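All remarks here apply to the structure that follows.
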Amino acid sequence: MHRIFAILCLASGLAAYADDPAGCLRIPPELESRVLYYQSFAHGVDQPELNRAQAALRSPTASVVADGLTGPGLGFATRAAKPAALVLVSGEFRPQRPLTVSFWWRLDAPMQPETCFHLGTIEGGGIISNFVRGKGEWCGLRQPTYVQQIYYFKGMNDCNQLGGRVWFEPGEWHHTVLVCRNANRVQVYWDGVLRTDYASRGRPFGPEDGGTLSLGPTWLFHPMTIDEILVLDRALDGDEIRAYATAVRQLREWTDD
């Protein structure tokens with residue numbers, strides 16, 4: 001019944017159940033009890049559908065656009081004087097615990113050889129960051145390149161993984177998932193494909209690490225839109241991530257018809 005009601009709400013433009021995961025059409029039923037945070041931007045930048053993490057929002061200097069993944073999304077169209085990322089602060093967003101951070105994004109302008117853009121970072125005591133860095137002096141890159149960094153955590157070895165050429169067409173939706181498990185392992189999936197799998201060295205993550213989640217452009221800016229932020233207190237595996245992404249893409253096709 002919850003699902004039927006949510007579909008009717010979506011079709012009529014009404015809001016579904018606030019603070020009720022069963023009323024959020026794009027949350028799989030088997031994950032409803034594990035949701036810490038969910039936001040589709042259907043109600044604006046400061047109105048997540050679910051916020052069990054009691055995350056505090058640092059409002060970005062961007063605007064909600066009308067053409068997100070299946071409804072509105074958060075668009076970053078112009079470079080701001082300060083980093084524009086959507087920043088959420090919560091003690092629940094710590095890599096010491098099982099954690100999955102899932103979100104969708106698209107580029108809104110063509111890439112160039114020098115294009116850089118930031119996707120997601122967990123900050124606090126150090127950074128767990130995923131981004132694209134373009135051609136330039138940094139690491140002597142000759143083309144836009146996938147980068148995963150785990151840096152600045154006291155007592156932990158730094159990690160700087162370069163994962164090869166990156167090139168996306170504007171308007172294409174993509175899915176990124178950052179998974180923390182076993183208090184020392186970080187995995188990143190792009191469109192269901194495992195891009196990096198790193199186990200920390202020196203020490204595990206502790207209760208002082210993390211706590212701040214940043215999504216979207218920073219000083220690594222490129223026009224883009226983000227949507228469908230889903231944070232879980234569970235570490236999903238590859239099959240679960242692919243199943244979720246497939247279901248969301250099918251829903252997008254259904255709503256586009």
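In this text the structure is predicted, and so the values were computed from the model without any measurement. Hydrogens, waters and symmetry mates play no part in the numbers below; they use all other heavy atoms, side chains included.
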Quiz item: M156 and R203: which non-hydrogen atoms are nearest, and at how many Å?
Solution: CE-O, 3.5 Å

Review item, side-chain donor-acceptor pairs of residues 128-142, under 3.5 Å, at least two apart:
residue : atom : partner : partner atom : Å
S129    : OG   : T121    : OG1          : 2.6
N130    : OD1  : W190    : NE1          : 2.9
N130    : ND2  : V147    : O            : 3.0

Exercise. Could you list the residues that satisfy ring-ring contact (aromatic ring centres under 6.0 Å, His included) with H175, not counting sequence neighbours?
Key: W104, Y244

Practice problem: Taking only Lys NZ, Arg NE, NH1 and NH2, and the carboxylate oxygens of Asp or Glu, determine whether R58 and D46 approach each other closer than 4.0 Å. | Solution: no

Exercise. Verify the neighbour count for atom CD of E114: are there more than 12 heavy atoms of other residues, nucleotides or ligands below 6.0 Å?
Key: yes

Practice problem: List the steps and the verdict of side-chain contact (heavy atoms from CB on, under 4.5 Å) for F93 and T212. | Solution: CA-CA 7 Å; F93 300 157; T212 299; over 6 Å; no

Self-check item: For T196, side-chain hydrogen bond (donor to acceptor under 3.5 Å, both in side chains) partners two or more places apart
Solution: Y146

Quiz prompt | Pairing residues for Y37 by the ring-ring contact (aromatic ring centres under 6.0 Å, His included) criterion, not counting sequence neighbours | solution = none

Practice problem: Among residues two or more places apart or on two chains, list those pairs meeting side chain to side chain donor-acceptor pair (under 3.5 Å) that have a residue in residues 151-169. | Solution: Q149-N160

Quiz prompt | Where C180 and I122 come nearest, the two heavy atoms and their spacing | solution = SG-CD1, 4.1 Å

Quiz item: Can you tell me if R181 uses its side chain to pair, donor with acceptor, with the backbone of P98 under 3.5 Å?
Solution: no

Exercise. Kindly say whether P48 contributes a backbone atom to a donor-acceptor pair with the side chain of N51 at under 3.5 angstrom?
Key: no

Self-check item: Atom of L215, atom of F76 and distance for their closest heavy-atom approach
Solution: O-CZ, 4.3 Å

Practice problem: Give the minimum heavy-atom separation between L220 and C116, together with the two atoms involved. | Solution: CD2-CB, 3.7 Å

Quiz item: Between W173 and D67, what is the shortest heavy-atom contact and its length?
Solution: CZ2-O, 4.0 Å

Quiz item: Does the ring-ring contact (aromatic ring centres under 6.0 Å, His included) test come out yes or no for F153 and F205, once each step is laid out?
Solution: CA-CA 8 Å; F153 292 102; F205 293 108; 5.3 Å; yes

Quiz item: Taking the side chain from R249 and the backbone from T246, do they hold a donor-acceptor pair closer than 3.5 Å?
Solution: no

Which side-chain N or O atoms in residues 223-237 pair as donor and acceptor under 3.5 Å with protein atoms at least two apart or in another chain?
residue : atom : partner : partner atom : Å
T225    : OG1  : R106    : NH2          : 3.4
T225    : OG1  : D108    : OD2          : 2.6
D227    : OD2  : L69     : N            : 2.7
E228    : OE1  : R26     : NE           : 3.3
E228    : OE1  : Y38     : OH           : 2.8
E228    : OE2  : R26     : NE           : 2.6
E228    : OE2  : R26     : NH2          : 3.2
E228    : OE2  : Y38     : OH           : 3.2
D233    : OD1  : R34     : NE           : 2.9
R234    : NH1  : E240    : OE2          : 3.3
R234    : NH2  : E240    : OE1          : 2.9
R234    : NH2  : E240    : OE2          : 2.1
D237    : OD1  : D239    : N            : 3.2
D237    : OD1  : E240    : N            : 2.9

Quiz item: Applying the side chain to side chain contact (heavy atoms under 4.5 Å, CB included) test to S200, which of I150, N182, N184 qualifies?
Solution: N184

Exercise. Would you confirm whether Q39, through its side chain, and G44, through its main-chain N or O, come within 3.5 Å as a donor-acceptor pair?
Key: yes

